[in-house]
Amino acid sequence: MSTTSGDDRLYTRLGRTALRVSRVCLGTVNFGGRVEEPEARELMDHAVDSGISFVDTANMYGWREYKGYTEEVIGRWLASRASLRDQVVLATKVGNPMSEGLNEQGLSARHIVAACEASLRRLGTEWIDLYQMHHVDREAGWDEVWQAMELLVQQGKVRYVGSSNFAGWDIAAAQEAAKARHFLGVVSEQCLYNLAVRHPELELIPAARAYGVAVLPWSPLHGGLLSGVLRKTAEGRAVKSGQGRSAAALEKTRGTIEQYERLCADFGRDPAQVGLAWVMSRPGVTSTVIGPRTPGHVKDALEALESPLSDEETTRLEELFPPIGRGGAAPDAWLT
C-alpha cells in the first residue's frame with residue numbers, strides 16, 4: 001500500500017487529529033451472511049492493496065452468524081499477513097447489546113472496558129485505533145463514559161474515541177465534558193448521510209465541523225437505493241438494493257429514483273459512482289464508509305473519489321435532491 005505524496009487525494013487527517021486515514025473506509029457489516037470469510041479476506045486484501053488504510057467494524061457485526069463473528073474474521077485476516085496491523089487504521093464500536101446479560105450493553109464504564117477487552121481478543125490485536133460509541137446512551141453520564149475511555153487510552157488499548165448515530169447536541173455535550181477533563185474527546189462521528197438523507201446538514205455536520213470532529217457517512221448509497229436499483233431489478237441483479245432500507249425507501253421515492261437514474265445516464269456515469277462522488281465532496285466529510293460485497297464495489301468507490309462531480313452535475317443533483325429547508329423534505333418525510 002502506497003502512502004506517498006502523490007496519493008494525497010486518497011488520504012486526509014481524521015478531523016482535528018494528526019492521524020491520516022484513507023478517504024474511503026472499508027465497512028465490514030456484510031461479513032457473515034452476505035459475504036463469507038474467504039470472500040471477505042479477498043475483499044480486505046484487495047482494499048488494502050488498492051490503498052485503503054481505514055477498516056471499520058463493530059463488536060456486534062456478524063450477528064447473522066453470531067455477534068462478534070466479524071471481528072474474528074478481521075482478526076484472522078490481520079494475523080495472516082506480516083506487518084498488516086501497522087498498515088491499517090482499525091475502528092470498532094461498543095454499545096449495542098452483545099447478549100441478554102443485564103450489563104452487556106450501553107455505555108456504562110463496566111461495559112465499555114469489558115467490551116473493549118473482548119474486541120481486542122477477537123481482533124487479535126493489542127490496540128484499537130478508533131473506538132466508537134455505537135449509539136448515545138441517555139442513562140450514562142459523560143463523566144462515567146470519559147472515565148472509562150481515559151482508562152483505555154492510558155492503558156494503550158485505545159488511541160482515539162469516536163461516536164456513531166449521535167445528534168449535534170450530543171457531540172457538543174460530549175466535547176464540553178471532555179474539555180473539562182482535559183481529554184481529547186470525540187474525534188469522529190459516523191452518521192447516515194447520502195443524497196436522499198440530508199438532515200445531518202441541519203445540526204450534526206455544523207456541530208462536528210465546529211468541534212473538529214471528522215464526519216464518516218455510512219450507507220452513502222442508502223442500502224443500494226442510489227446504486228441503480230431500478231435497472232438492477234429489471235436485469236435481475238438486485239441483491240442488497242432489493243432488500244431492507246433500499247426496498248422500503250423505494251416505495252416512497254420511485255419517481256425521484258427514476259429521474260435520478262435517467263440523470264446519471266445523461267452524465268454517462270454509473271449511479272453508484274454518482275452517489276458516492278456526491279457524498280465524498282460534501283463539506284466536513286472526511287472518509288466515506290462503504291459496505292462492499294465484491295472487489296468491484298471497492299473499485300467503484302475509488303473511481304468515484306478519482307472522478308469528482310462537475311459543478312453542473314452537482315447543481316442538477318441538488319435540484320433533484322434539494323437540501324432540507326430549501327425545497328427538501330423534512331427529515332422523516334421520505335425514508336425514516
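No experiment lies behind these values; they were computed from the predicted model shown.
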Listed partners of Trp278 passing ring-ring contact (aromatic ring centres under 6.0 Å, His included), at least two apart: Tyr193

ring-ring contact (aromatic ring centres under 6.0 Å, His included) partners of Tyr61, counting only residues at least two apart: none

Heavy-atom donor-acceptor pair, Glu261 side chain to Val229 backbone, under 3.5 Å: yes

Listed once per pair and sorted, the salt bridge (charged side-chain N to carboxylate O under 4.0 Å, His left out) pairs that draw on residues 75-84, sequence neighbours left out: Glu37-Arg76, Asp45-Arg81, Asp49-Arg81

Atom pair CD1/OH of Ile52 and Tyr11 - distance to nearest 0.5 Å: 8.5 Å

Co-membership, hydrophobic cluster, residues Ile74 and Trp127, 4.5 Å side-chain: no

Heavy-atom closest contact (Ala40 atom, Val73 atom, distance): CB-CG1, 4.2 Å

Where Leu10 and Ser50 come nearest, the two heavy atoms and their spacing: CD2-O, 4.2 Å

Side-chain heavy-atom pair Met149, Val158 within 4.5 angstrom cut-off: no

Counterpart residues, side-chain contact (heavy atoms from CB on, under 4.5 Å), relative to Pro308 (two or more places apart): Arg9

Side-chain heavy-atom pair Leu276, Val24 within 4.5 angstrom cut-off: no

Heavy-atom closest pair, residues Ile171 and Ser163: CD1-OG, 3.5 Å

Thr70 side, atom OG1; Leu123 side, atom CG - distance, nearest 0.5 Å: 10.0 Å

Check: Ser53 side chain, Ser22 main-chain N or O, donor-acceptor pair, under 3.5 Å: yes

Sub-4.5 Å side-chain heavy-atom contact between Ser119 and Val94: no

Residues which pass ring-ring contact (aromatic ring centres under 6.0 Å, His included) with Tyr69, listed by chain and number, not counting sequence neighbours: Tyr66

Least distance between heavy atoms, Phe166 atom then Val136 atom: CE1-N, 3.3 Å

Euclidean distance, Phe31 CZ relative to Glu72 CD, rounded to 0.5 Å: 14.5 Å

Side chain proximity check, Arg85 to Asp129, heavy atoms < 4.5 angstrom: yes

Smallest separation among heavy atoms of Ala214 and Gly15, with atom names: CB-N, 3.4 Å

Trace of the side-chain hydrogen bond (donor to acceptor under 3.5 Å, both in side chains) decision for Thr92 with Glu71: CA-CA 8 Å; Thr92 192; Glu71 286 186 332; 2.6 Å; yes

Reported CG-to-OG1 distance for the pair Leu14 and Thr286, which is rounded to 0.5 angstrom: 6.0 Å

Tyr260 side chain vs Gly275 backbone, donor-acceptor pair below 3.5 Å: yes

Check: Arg159 side chain, Gly156 main-chain N or O, donor-acceptor pair, under 3.5 Å: yes

Closest non-hydrogen atom pair, Pro292 against Gly27: CD-O, 3.7 Å

Leu192 side chain near Trp218 side chain, heavy-atom distance below 4.5 Å: yes

Distance, nearest 0.5 Å, that separates OG1 of Thr28 from CG of Asp56: 6.0 Å

From CD (Glu39) to CG (Asn30), nearest 0.5 Å: 12.5 Å

Which residues share a side-chain contact (heavy atoms from CB on, under 4.5 Å) with Ser164, sequence neighbours left out: Lys93, His134, Gln190

Residue pairs passing the salt bridge (charged side-chain N to carboxylate O under 4.0 Å, His left out) test where at least one lies in residues 184-202, sequence neighbours excluded: Arg198-Glu201, Arg198-Glu318, Glu201-Arg282

Please tabulate, for side-chain N and O atoms in residues 179-188, each donor-acceptor pair with protein atoms closer than 3.5 Å (sequence neighbours left out).
unit_1	atom_1	unit_2	atom_2	d
Arg181	NE	Glu150	OE2	2.7
Arg181	NH1	Asp143	OD1	3.4
Arg181	NH2	Glu150	OE1	3.0

Donor-acceptor pair, side chain of Arg23 and main chain of Met280, under 3.5 angstrom: yes

CA sep, side-chain torsions, deciding dist, call: Phe267, Leu317, side chain to side chain contact (heavy atoms under 4.5 Å, CB included): CA-CA 11 Å; Phe267 296 163; Leu317 287 169; 4.3 Å; yes

Check: Pro97 main-chain N/O paired with Lys67 side-chain donor or acceptor under 3.5 Å: yes

Evaluation steps, side chain to side chain contact (heavy atoms under 4.5 Å, CB included), between Tyr211 and Glu176: CA-CA 10 Å; Tyr211 282 101; Glu176 292 303 320; 2.8 Å; yes

Any Ile205 side-chain heavy atom under 4.5 Å of Pro283 side chain: no

Partners meeting side-chain contact (heavy atoms from CB on, under 4.5 Å) with Ala272 (sequence neighbours left out): Leu221, Ser227, Asp270

Expected output: side-chain Thr253 to main-chain Ile257 donor-acceptor under 3.5 Å: no

Which donor-acceptor pairs under 3.5 Å do the side chains of residues 99-110 make with protein atoms, sequence neighbours left out?
unit_1	atom_1	unit_2	atom_2	d
Ser99	OG	Gly101	N	3.1
Ser108	OG	His111	N	3.0

Listed partners of Pro295 passing side-chain contact (heavy atoms from CB on, under 4.5 Å), at least two apart: Glu42, His46

Check: Arg231 side chain, Pro271 main-chain N or O, donor-acceptor pair, under 3.5 Å: no

Test side chain to side chain contact (heavy atoms under 4.5 Å, CB included) applied to Glu313 and Arg316, step by step: CA-CA 5 Å; Glu313 289 170 335; Arg316 295 183 68 183; 6.0 Å; no

Test: Lys157 and Glu117 ion pair at under 4.0 Å: yes

Exam field: side chain Gln259 to backbone Leu320, donor-acceptor pair closer than 3.5 Å: no

Tyr160: ring-ring contact (aromatic ring centres under 6.0 Å, His included) partners, not counting sequence neighbours: none

Verdict with reasoning, Leu43 to Leu26, per side chain to side chain contact (heavy atoms under 4.5 Å, CB included): CA-CA 9 Å; Leu43 199 157; Leu26 180 67; 3.4 Å; yes

Close side-chain approach of Val213 to Arg16, heavy-atom, < 4.5 Å: yes

Flag side-chain contact, heavy atom, 4.5 Å: Leu216 against Phe54: yes

